[in-house]
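Worth saying up front: this structure is predicted, and the values here are computed from it rather than measured. All chains are named by letter (A, B, ...) in the order of the sequence lines, taking the proteins before the strands, and each is independently numbered beginning at 1.
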Protein chains: 2
Amino acid sequence: MADDDRVFKALADPTRRLLLDLLFAREGRTLTELESEVAMTRFGVAKHLKVLEEAGLVVTRRSGREKLHFLNPVPIRLIHDRWIDKYTERHVTALVDLKKALEDEP
Amino acid sequence: MADDDRVFKALADPTRRLLLDLLFAREGRTLTELESEVAMTRFGVAKHLKVLEEAGLVVTRRSGREKLHFLNPVPIRLIHDRWIDKYTERHVTALVDLKKALEDEP
DNA sequence: TTGACATGTGACCTTTTGGTCACCTAACTT
DNA sequence: AAGTTAGGTGACCAAAAGGTCACATGTCAA
């Protein structure tokens, strides 16, 4: 499977995105800790984490019998760069910021 | 289905990403024109374009019996903003640029 | 060293997704 | 008006993905 294909397939599942959100909020979590937040058995969570790791979206470090998980933002940035060139980026960010501002103050 | 779910699901398929690449290179293409580039029947391509449109990644404009397709970069930017904060962005872009430079000059 | 804890593996089943086809409507051309 | 061109719909089948379980390994603590 191609490298970028793994990334996009990994991002396609809502549970996996939630796991990324959890790691974005606080990194270095274990499987057991993540399991307690996602309404699914440990096996399901482990499978999802494996997919994320093979996609390079999550990197891990072993510490004794625990495995710590960290979010890797690089593949996300590459998605961005694929369809948003430097010139367009200025317009898009302005647009997104405007949209957010309008939503915050109705 | 949630809004962001549609976007990520849409991006999960390689043919749909190719369609986005084609529209990124040159916008305003018709179904028939896109069909000629993707080794698939018209029906398959039409289905993929529908998924992209419902996700908001592609916007369309009718012109007579033709339907013109355009890439919308906003959802892509939102993916970026979800997991890369302003502070991290500086480090990540630097890292990505360095990686690209190293790949270009071996 | 015994038991509890943290994680890994392969089989299994159900649901979702990708692709094609027969058939259809709408618009341009002559 | 008739033929051609651009696109849309719903049914269908094969392949892939999501989730759970029985079973297994390695690590810590008393």
J.: Could you go through B/Leu20 and A/Arg82, starting from their C-alpha distance and side-chain angles, then the distance that decides it, and tell me whether this counts as side-chain contact (heavy atoms from CB on, under 4.5 Å)?
T.: CA-CA 10 Å; B/Leu20 292 182; A/Arg82 178 166 178 175; over 6 Å; no

J.: Rounded to whole Å, please give me the gap between CG in B/Leu49 and P in C/dG18.
T.: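 The answer, rounded to whole Å, is 13 Å.
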
J.: Check whether any side-chain heavy atom of B/Asp81 lies under 4.5 Å from a side-chain heavy atom of A/Lys100, and answer yes or no.
T.: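 A side-chain contact exists here, since the closest heavy-atom pair is under 4.5 Å.
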
J.: Is atom CG of B/Asp104 surrounded by more than 12 heavy atoms (other residues, nucleotides or ligands) closer than 6.0 Å?
T.: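 Count over threshold, so yes.
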
J.: Using five pairs at each end of the helix from C/dT1-D/dA30 to C/dT30-D/dA1 to define an axis, what is the angle between those two axes, to 10°?
T.: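 Inter-axis angle at the ends, rounded: 30°.
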
J.: What integer distance in Å separates A/Glu53:CD from C/dT9:P?
T.: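 Spelled out: CD on A/Glu53 to P on C/dT9 is 10 Å.
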
J.: Which pair of non-hydrogen atoms, one from B/Pro75 and one from B/Leu57, has the smallest distance, and what is that distance?
T.: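 Scanning both residues, the minimum pair turns out to be CB-CD2, 3.9 Å.
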
J.: Quick check: on DNA chain D, is the nucleotide nearest B/Arg65 upstream (toward 5') of the one nearest A/Val51, or the reverse? Name the residue that is more 5'.
T.: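 The residue whose closest nucleotide sits nearer the 5' end is B/Arg65.
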
J.: Give a yes or no on whether the backbone of B/Glu35 and the side-chain of B/Arg42 come within a donor-acceptor separation of less than 3.5 Å.
T.: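 Between the backbone of B/Glu35 and the side chain of B/Arg42 there is no qualifying donor-acceptor contact (under 3.5 Å).
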
J.: Rounded off to whole Å, could you give me the CZ-to-P distance for the B/Arg42 and C/dC23 pair?
T.: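 Roughly 15 Å, once rounded to whole Å.
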
J.: Answer whether the closest heavy-atom distance between the side chains of A/Leu52 and A/Leu71 falls below 4.5 Å.
T.: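 Contact flag for A/Leu52/A/Leu71 side chains = no.
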
J.: Okay, side chain of A/Asn72, backbone of A/Val59: is any donor-acceptor separation there less than 3.5 Å?
T.: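 Here the side-chain-to-backbone pair does not exist.
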
J.: Roughly how many Å is it from NZ in B/Lys67 to C1' in C/dA27, rounded to a whole number?
T.: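 So the two atoms are 15 Å apart, to the nearest Å.
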
J.: Donor-acceptor pair, A/Arg29 side chain versus A/Leu34 backbone, under 3.5 Å?
T.: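 No: the side chain of A/Arg29 does not pair with the backbone of A/Leu34.
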
J.: Give me the residues of residues 4-35 of chain A where at least one heavy atom lies under 4.0 Å from an atom of DNA chain C, by number, or none.
T.: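 Residues of residues 4-35 of chain A that come under 4.0 Å of DNA chain C are, in numerical order, A/Thr30, A/Leu31, A/Thr32.
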
J.: So A/Asp5 and B/Arg17, do their side chains get closer than 4.5 Å, heavy atoms only?
T.: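 The answer is yes; the side chains approach within 4.5 Å.
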
J.: Do the charged groups of B/Arg77 and B/Glu89 touch, with an N to O distance under 4.0 Å?
T.: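 Yes, this pair counts.
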
J.: Whole angstrom is fine here: how far is it from CZ in B/Arg62 over to C1' in C/dA27?
T.: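 Nearest whole value for this atom pair: 9 Å.
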
J.: Quick one: on DNA chain D, does A/His48 or A/Gly64 contact a more 5' nucleotide (nearest heavy atom)?
T.: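 It is A/His48 whose nearest nucleotide is closer to the 5' end.
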
J.: Any side-chain to backbone donor/acceptor pair from A/Ser63 onto A/Glu66? Under 3.5 Å, distance only.
T.: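 No, because the side chain of A/Ser63 does not come within donor-acceptor range (under 3.5 Å) of the backbone of A/Glu66.
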
J.: Heavy-atom nearest nucleotide on DNA chain C for A/Glu66 versus A/Lys47: which residue maps closer to 5'?
T.: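 Its nucleotide being nearer the 5' end, the pick is A/Glu66.
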
J.: For chain A and DNA chain D, what are the first and last nucleotides along the strand, 5' to 3', with at least one atom under 4.0 angstrom from a heavy atom of the protein chain?
T.: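 Both ends considered, the range comes out as D/dA17 to D/dC28.
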
